[in-house]
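Letters go in sequence order (proteins before strands), and every chain restarts at 1.
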Protein chains: 4
Amino acid sequence: MAPLNDEQLHQIRDERREQIKTAAIQIFAKKGIINAKMSMIAETAGISNGLLYHYFKSKDELFLSLIQEAMAETEAALRSIYAFPGTPIEKIRALTAEILDESGSPYFMLIHQARTSDGVPEKVKQLLEKYSMKVFIDILLPVFQEGQRAGELASDDPAELIACYLSVLSGVMVVHSNGIDDYRIPKADMLLRLIEGAKRD
Amino acid sequence: MAPLNDEQLHQIRDERREQIKTAAIQIFAKKGIINAKMSMIAETAGISNGLLYHYFKSKDELFLSLIQEAMAETEAALRSIYAFPGTPIEKIRALTAEILDESGSPYFMLIHQARTSDGVPEKVKQLLEKYSMKVFIDILLPVFQEGQRAGELASDDPAELIACYLSVLSGVMVVHSNGIDDYRIPKADMLLRLIEGAKRD
Amino acid sequence: MAPLNDEQLHQIRDERREQIKTAAIQIFAKKGIINAKMSMIAETAGISNGLLYHYFKSKDELFLSLIQEAMAETEAALRSIYAFPGTPIEKIRALTAEILDESGSPYFMLIHQARTSDGVPEKVKQLLEKYSMKVFIDILLPVFQEGQRAGELASDDPAELIACYLSVLSGVMVVHSNGIDDYRIPKADMLLRLIEGAKRD
Amino acid sequence: MAPLNDEQLHQIRDERREQIKTAAIQIFAKKGIINAKMSMIAETAGISNGLLYHYFKSKDELFLSLIQEAMAETEAALRSIYAFPGTPIEKIRALTAEILDESGSPYFMLIHQARTSDGVPEKVKQLLEKYSMKVFIDILLPVFQEGQRAGELASDDPAELIACYLSVLSGVMVVHSNGIDDYRIPKADMLLRLIEGAKRD
DNA sequence: GATGAATGAGAATTCATTCAT
DNA sequence: AATGAATGAATTCTCATTCAT
């Protein structure tokens, strides 16, 4: 009889938003912004078309909100490198393994879609500039420089080294992110060779 | 003015088809199958919308014919490794450099699109199975095995090594293929480290 | 707390209905039937969307009930002319001033909307015929005829004179009713010139 | 066999655009921007939905282009007052008669819709400011002032007099513009009384 | 061969209305 | 009585494809 109380409503709203986001990440990552149909997202989330718009004003807003989350998560993941134990290369290996872990893959794909697709809303483009690769490079610079001083890493220009490393990481996540077995995700150890110093053993 | 003879007509027809294909490769690679509009392709090719349909029965047929070409080119590029001089690693380095050369990038992108997009016509899917990565691995297997015997290459399972290597190559080409400077194409020398044996100098 | 008795419930119900009607008049008059959104009306009335439908079965029913009220009010306003003191022209001036008073404007707008919009429910159309301008003309006919006999009014056909006068009144209220200063509501004295006899001083 | 030549294409395009504009004026004037459905316009113009968008990029653009035309026509109509022969009041009578001529009515309605509706695109709003009533007042000011000096016109503030006069004109056109006979368009002579000097005979 | 006007099916979004609580 | 989540039909707009010339 009585209407739902605030707490119940809040819970329903939160659940629905998560439900929608989870569905949307999959669909957007797989299809790109334009190919992703709101009706697919609604169906995947198990709700009606209309309800989708109750929670997100538009496709663009939904996409933006996912990208924001993906960016924040990615930045946090990179920053977490300093929490790993060991020498620089061990830190990098741990970070690499964490990123390669498939569970994070849709986020990389999403950011790739945002960077490369047409039809990306203006707000998303602004966000991408704020979080350009330079930001990520700056985060990793200290640990790479320390690794170079220790002779653990190749002696290329460190910023360039990081940029290439992140490009390769993004690349393999992207080509792999569709469940097609043709593309392999290399083991972290193999990817590390890209950046290791010459005299590894 | 006498009417053109059969041969001339045939030649015009072939030229137009090439013109269209060239335009279509760019557009498909950049936008993906569904985002690529037939009207953009026509405009890029400098012809009318209607004429496109004189040369290709449908968007699907056009796409299929491009993928066929891309596959054949890619296969040929891989086979050409045996024409390069030098030791296995030198052959691989030469092949890598050739692939990384940006001019070839649209083909990789196209194949990636075909593998990962939805809305890909059934015939294209069949073609992709015929040319699965296994085919490419088989082509490269002899040179990789020889490289391992010579101690030039890492001693991982060779098929896996090739799969990972091709995945990384595809990945960097794909993420880079939109002219966004954030993503770097590493130098061939750097990528080679992925597969080189431990004792490089 | 004893449950509310029937009378109290009835009173609450009536208050709510008035609250809703007041909100609805504003919104309908400003936006037109189709542009007026039930959610706006609910918000303006300070109640939930769902509750609106407890009190009015549908948008159409709500609109119909407003038009009924507007018609009745308008008719009453016209009839009140006989309660004003003075000569015919003084009565008409008083009536005009009352109508021009902005507070009454939404009613005119509403009736105009009803007459001119599509998407008006059938029932409303029937009501409009019942209260066609002829009814209003008949109400005012005696006072206009008396004014003509007294030489205070122009000697046009009296029914036509009234029809034109009411059209002008409706017109200025309608074009003015959106708070855009470009359109002026003329003073009653000016409008009276429309119908005054030639020899005014 | 040969494609249509430029002239023929041009002619087709022009005809279609006129056809669409004519249909659109009716529909917009009658229904307002939001209520007017593109499908109605297409149907009235006797073309497909898609073709409408071949000629006008969007509903907004179509509306804007009509408003521009309406504004220009209205301004031209007002300026034409100086081409009429006779004294100021005779000029004004001629202009009034021309405006009241029903054929022009949709234009007035259109401008009214643009001024008063919601959902009016930003560009249209800007246009409305550029052509605010002040512009129209300025055009008519000289002839009204001359009329006042000649004692032909009432001695109210002339700008106010014009504003009221134009408001009344707009008003009667608007309420009448739906083919409902309840609302009358007064004769020009009657409307002139609004502004005539006291001692008319 | 060549053109571009024309069509229509499909996708995003809005909103009246219903329903569980 | 009251709430707001949920639904689905209707509307704008896009684009592959066809067709008259």
Is the CD atom of Glu43(D) crowded by more than 12 outside heavy atoms at less than 6.0 Å? no
Quick check on Asp6(A): does its CG atom have over 12 non-hydrogen neighbours (other residues, nucleotides or ligands) under 6.0 Å away? no
Which of Arg17(A), Gln19(A), Gln11(A) passes side chain to side chain donor-acceptor pair (under 3.5 Å) with Glu15(A)? It is Gln11(A)
Where the side chain of Ser58(A) is defined as all heavy atoms beyond and including C-beta, which of dT13(E), dT17(F), dA1(F) is the nearest nucleotide? dT13(E)
Ignoring backbone atoms, test whether [X] places a side-chain nitrogen or oxygen under 4.0 Å from the OP1 or OP2 oxygen of [N].
X	N	answer
Tyr55(C)	dA1(F)	no
Arg13(D)	dA5(E)	yes
Tyr53(D)	dC13(F)	yes

From [atom1] of [X] over to [atom2] of [N], roughly how many Å is that when rounded to an integer?
X	N	atom1	atom2	answer
Leu52(C)	dA16(E)	CG	C1'	10 Å
Phe56(B)	dT18(F)	CZ	P	16 Å
Glu15(C)	dA1(F)	CD	P	14 Å
Asn35(B)	dC15(F)	CG	P	9 Å
Glu7(A)	dG4(F)	CD	P	16 Å
Met40(C)	dA16(E)	CE	C1'	13 Å
Ile27(B)	dA16(F)	CD1	P	12 Å
Lys57(B)	dT18(F)	NZ	C1'	15 Å

Does dT7(E) have a Watson-Crick or wobble mate here (both distances under 3.5 Å), and if so which one? dA16(F)
Mind checking who dT21(F) pairs with, Watson-Crick or G-U wobble, both distances under 3.5 Å? dA2(E)
From Ile33(B) CD1 over to Phe63(B) CZ, what is the distance, rounded to the nearest 0.5 angstrom? 3.5 Å
Could you check whether Lys123(C) pairs with Glu61(C) (Lys NZ or Arg NE/NH1/NH2 to Asp/Glu carboxylate O, under 4.0 Å)? no
Phe28(C) and side-chain contact (heavy atoms from CB on, under 4.5 Å): which partner among Met40(C), Gln113(C), Lys21(C), Lys59(C)? Lys59(C)
Just the atom pairs and distances: protein N or O near nucleotides 8-11 of chain E's N or O, under 3.5 Å.
none

Nearest-nucleotide comparison on DNA chain F, the residue closer to the 5′ end among His54(A) and Asp60(B): His54(A)
Determine whether Gln126(D) and Glu122(D) make a side-chain contact, defined as any pair of heavy atoms from C-beta on separated by less than 4.5 Å. yes
